[in-house]
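In what follows, a structure is listed as structure tokens, so that the remarks can point back to it.
Just so we're clear, the structure is a prediction, and the values are computed from it rather than from any experiment. Order of the sequence lines sets the chain letters (A, B, ...), proteins ahead of strands, with each chain counted from 1.
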Amino acid sequence: MNVSVNDGPSGDIQTGKTVSDALSELGIAGQDILAAKVDGAVVDLSRPLCGSPVVEPLRFDRAEGREVYRHSSTHIMAQAVKELFPTAQLTIGPALEDSFYYDFAFERPFTPEDLERIEERAAEIIKRNLTITRREFSKQDAIDFFRARGERYKVELIQGFPDGEPITAYAQGDFVDLCRGPHLPTTGSVGTIKLLNTAGAYWRGDERNPMLQRIYGTSFPTRAEVDAYLARLEEIKRRDHRKVGKELDLISIQDEIGPGLVLWHPKGAAVRLAIENFWREQHIRDGYELVYSPHTARLDLWKTSGHLDYYRENMFPSMKLEGSEYQLKPMNCPYHIMIYQSHLRSYRDLPIRYGELGTVYRYERTGVLHGLMRVRGFTQDDAHLFCRPDQMEHEVSRVLDFTFFVLQTFGFHQFEVFLSTRPKESVGGDEHWTLATSALEAALKSRNISFHLDPGGGAFYGPKIDIKIKDALGRSWQCSTVQVDFNNPERFELSYIGEDGKAHRPIMIHRALMGSIERFFGILIEHYGGAFPTWLAPVQAVVMNITDRQQDYVAAVVTQLKTAGFRAETDLRNEKIGFKIREAEKAKIPFMLVAGNREMQDGTLSVRGRSGSNLGNKTVAEVLDLLQAEVKYTQRELQHTH
RNA sequence: GCUGGCGUAGCUCAAUCGGCAGAGCAGCGGUUUUGUAAACCGCAGGUUGGAGGUUCGAUUCCUCUCGCCAGCUCCA
């Protein structure tokens, strides 16, 4: 048979030879080959070849290679656990992006000491360099085999598999695990396994099922790579917005006020104000009209909107007042709809775009609250567009352009886009869903945006596009969302008068760019590690005197900076300049302006940038120019036009 | 909500196998007038998350409760 290697040699190889034999006959060999893609499917190196396959060796530098590597790592860890704790039952153990886990049914949680022993044993199993072999079973044989080994959960899994298809397991030494594979050729192919932590996890992710003991770990070819990974985890901890938010005195969440309810301290509020000002300016430029709405409304409104039926578990309980029930708002849409409905609308009026920084309250279970990322009261940068069906695709495209512009201004440049389709619990006819979904898809395609499909991930009222941003540490965060809604116009009987003089139903589009200001702020804190770009920094410049004699001069300079619109502060404390610099560095203030006698005499300031850069002496006018140049989002806004 | 862990001064952390709760930083008062990441001296700071219980005595042990953390589930 003719075997060809992707971007490599090809040659005639005897049919039935394994992938690794074929590769080595073609002059491609090496311990670093983990698995291979054969005609697009990832397989074991021991897989026999037939036909005229295209083979692509997979190493650790490829995501598919890493997945196989980590997957085999979980088996090694599971083997170590079984050797040390024979009563532990196997369940499942997948690879994650940079790590892996394995869930065990065990009578008690694993302790840190257990983890150390398991890690040592895993290292030993790597050293044993056991061959990993694939075995096929019929369904009944597989059930009998795992039942005989006492692996109750494995038996349950197999029973759920379709009949008639072969079931595979992988063996290394005495250890056999039900697994689709593929796997590394030997346990010795793994470099270092490092166990990270333990946690409880429900069997099959269902809270009604028993709690299993999960062990997280990671593995890399070299110790140095493990160390780099651990260093990255440390960096993530160092940038944690809860820690930085406290250190920089940005926000607090206090017991007395309630979980998930955020206090914005003056410095955090200054950043928020900069965000909001930018947001409002840009929305007005982009053809939105800004509105405000109250935090509560009669329960009937939420009945009409369907939230009471479909969203109740996320809502605060209602309150009674003067014989009516009122509901704290979990969303802004009904209010915007009511504004739309306050007039008779013409087709000429559309599209109508209402934007609001609307604060909503949602009930979240205590266990899911997390700093600013998941709270109970938060402000959405919400907007609702009302348009004709023929305008829908164009409006969605505009929203996409606007979204990427805004996110880029905040310093995010990598995105993942998802198109989510109809979920099980949903309202509206099929034709509506199909129309809306294809409009979203068309808009994405018109902007050449590549996206993933998330089947069943839509809102109950319509399909949506979600945009996840990648932060400086490569983590993904869900922020932006664009959702088509055929349902609310129906429920509220929205209409506009068309060219034909008859009433027509408008289409509604919900969208948010940042999602929630709280979460977005948390992401910004971690993205910048608290060192915000100048346009967002709570204090943009601090002016400090060296001795008492420069007090008046410093105060005058700060007045000038403030008058020019900058957030500037004095530091006139009776402290040494080194101490003041240290404090300003810790506060991550972008510019430190020092005035001693020399500066006072020639009307200058000694300019120190964040993290020690010396920008020399500048006049006050030059400092103003410098700050102006730094606050450059206003320049970027010129690039955004429709 | 579930499993496990944790709540000590404004912050970061000690200590008490049940016997007067202690440091650094921050704060306040002095001294010092300072040149780019920490000057010196002093003072003050606490119902040890909250409520019960056991005990001569509880911050420590027990029960409940509130909150936080790591996950699970869910999500902006």
Side-chain angles (χ1 to χ4, degrees), chain A residues 101 103 106 108-112 196-216 237 240 242-243 246-247 249 252-260 311 313-314 330-331 358 360 362-382 457 459 464 466-468 477-481 483 510 512-523 544-551 573-587 592-599 606-615 617:
Chain A
Y101 67 81
D103 287 343
F106 192 47
R108 61 170 178 85
F110 293 106
T111 64
L196 300 168
N197 56 310
T198 56
Y202 299 107
W203 168 234
R204 297 189 154 173
D206 190 325
E207 64 190 29
R208 290 164 301 194
N209 285 340
M211 178 74 69
L212 306 173
Q213 303 302 330
R214 175 170 297 181
I215 302 178
Y216 284 92
K237 255 191 217 161
D240 190 308
R242 293 165 298 183
K243 182 170 177 283
K246 190 189 269 182
E247 284 165 358
D249 196 17
S252 64
I253 297 173
Q254 300 178 25
D255 234 10
E256 291 82 348
I257 290 164
Y311 207 70
E313 75 235 32
N314 290 300
M331 293 199 182
V360 297
R362 296 185 186 173
Y363 169 70
E364 300 286 357
R365 306 205 284 180
T366 51
V368 308
L369 299 172
H370 180 89
L372 291 171
M373 302 305 191
R374 194 77 182 275
V375 294
R376 284 183 175 165
F378 61 98
T379 301
Q380 293 182 302
D381 67 315
D382 213 354
K464 62 178 183 172
D466 285 329
I467 298 169
K468 290 187 179 181
W477 299 99
Q478 155 85 63
C479 294
S480 317
T481 183
Q483 314 183 347
H510 309 243
L513 312 182
M514 300 182 281
S516 121
I517 297 189
E518 282 74 7
R519 168 182 286 188
F520 196 73
F521 185 42
I523 295 166
M544 43 188 94
N545 58 336
I546 286 174
T547 73
D548 289 349
R549 270 168 299 183
Q550 301 93 38
Q551 273 189 11
R573 291 176 302 171
N574 178 10
E575 296 288 353
K576 289 193 164 179
I577 196 67
F579 180 80
K580 294 186 187 184
I581 294 284
R582 178 182 154 79
E583 299 257 298
E585 284 289 350
K586 286 204 314 190
M592 287 153 251
L593 308 172
V594 178
N597 270 336
R598 290 199 297 272
E599 288 78 12
S606 168
V607 182
R608 185 190 207 272
R610 200 155 43 189
S611 36
S613 60
N614 180 1
L615 305 177
N617 275 39

| field | Interatomic distance where CD belongs to Gln213(A) and P belongs to rG5(B) [whole Å] | value | 11 Å
| query | In the 5'-to-3' direction, what one-character label does each nucleotide of nucleotides 67-76 of chain B receive under the scheme B = base within less than 4.0 Å of a protein heavy atom, S = sugar-phosphate only, - = no such atom? | reply | SSSSBBBBBB
| said: Using atom C1' in both nucleotides, what's the gap between rC20(B) and rU12(B) to the nearest angstrom? | reply: 25 Å
| What integer number of Å spans the C1' atoms of rC66(B) and rC13(B)? | 24 Å
| request: For Gln254(A), report the nucleic acid contact type (base, sugar-phosphate, nothing); a contact means any heavy atom under 4.0 Å. | output: nothing
| remark: Nearest-nucleotide check on RNA chain B, Met592(A) vs Pro109(A); residue mapping nearer the 5' end is Pro109(A)
| query | Roughly, in whole Å, what's the span from CE in Met544(A) to P in rA37(B)? | reply | 11 Å
| request: Determine the Euclidean distance between corresponding C1' atoms of rG46(B) and rG27(B); express it in Å to zero decimal places. | output: 15 Å
| message | My understanding is that a pair needs two contacts under 3.5 Å, Watson-Crick or G-U wobble. By that rule, which nucleotide pairs with rC20(B)? | response | none
| field | Integer-rounded Å distance: rG5(B) P and Arg108(A) CZ | value | 12 Å
| field | Pairwise P distance for rA70(B) and rU31(B), with rounding to whole Å | value | 48 Å
| message | If I take atom CZ in residue Phe579(A) and atom C1' in nucleotide rG35(B), what distance separates them, rounded to the nearest angstrom? | response | 16 Å
| task | Output yes when at least one side-chain N/O atom of Lys580(A) is less than 4.0 Å from OP1 or OP2 of rG35(B), else no. | result | no
| query | Reckon Arg608(A) has a side-chain N or O less than 4.0 Å from the OP1 or OP2 of rG35(B)? | reply | no
| query | Could Asp206(A) and Arg204(A) be called an ion pair, given the rule that one side-chain N must be under 4.0 Å from one carboxylate O? | reply | no
| request: State the pairing partner of rG35(B); accept Watson-Crick or G-U wobble contacts with both distances under 3.5 Å, and report none otherwise. | output: none
| request: Please work out if Ile577(A) contacts a base, only the sugar-phosphate, or nothing of the nucleic acid, heavy-atom cut-off 4.0 Å. | output: sugar-phosphate
| task | Report the distance from atom CD of Glu575(A) to atom C1' of rG35(B), rounded to the nearest whole Å. | result | 15 Å
| said: Can you tell me the base-pairing partner of rU60(B)? Count Watson-Crick or G-U wobble geometry only, both distances below 3.5 Å, and say none if there is no partner. | reply: none
| message | Between Arg519(A) (side chain only) and Cys479(A) (backbone N and O only), is there a donor and an acceptor less than 3.5 Å apart? | response | no
| Atom-to-atom span, CG of Leu593(A) to P of rG35(B) - whole angstrom | 19 Å
| query | Considering only heavy atoms from C-beta outward, does the side chain of Arg242(A) approach that of His370(A) to under 4.5 Å? | reply | yes
| note | Exactly one of Gln550(A), Lys580(A), Glu599(A) clears side-chain hydrogen bond (donor to acceptor under 3.5 Å, both in side chains) with Asn545(A), and that residue is Lys580(A)
| Beyond-backbone contact of Phe378(A) with Val360(A), side-chain heavy atoms, under 4.5 angstrom | yes
| said: Less than 4.5 Å apart, side chain to side chain, heavy atoms only: is that true for Arg608(A) and Val594(A)? | reply: no
| query | Across all strands shown, which nucleotide pairs with rU8(B) by Watson-Crick or G-U wobble geometry, both distances under 3.5 Å? | reply | none
| Whole-Å P distance, rC61(B) and rC17(B) | 11 Å
| Can you check the Ile546(A) CD1 to rA39(B) C1' distance for me, whole Å? | 16 Å
| Checking Ser252(A) side chain against Gln254(A) main chain: does a donor-acceptor pair fall under 3.5 Å? | no
| task | Could you let me know what rG27(B) is paired to, Watson-Crick or G-U wobble, both distances under 3.5 Å, or none if it's on its own? | result | rC43(B)
| field | Test item: Lys246(A) and Asp240(A) side chains (from C-beta on) under 4.5 Å apart, heavy atoms | value | no
| Interatomic distance where CZ belongs to Phe110(A) and P belongs to rG5(B) [whole Å] | 15 Å
| query | P atom, rG7(B) versus rA14(B): distance in rounded Å? | reply | 9 Å
| message | For the P atoms, the ones on rG1(B) and on rG45(B), what distance do you get once it is rounded to whole angstrom? | response | 38 Å
| request: Identify the nucleotide, in any strand shown, that forms a Watson-Crick or G-U wobble pair with rG71(B), with both distances under 3.5 Å; if there is none, say none. | output: rC2(B)
| said: Testing the basics here: between Gln478(A) and Ile467(A), what is the closest heavy-atom pair and its distance to 0.1 Å? | reply: NE2-O, 3.9 Å
| query | How far, in whole Å, is rA9(B) from rA51(B) if one measures between their P atoms? | reply | 16 Å
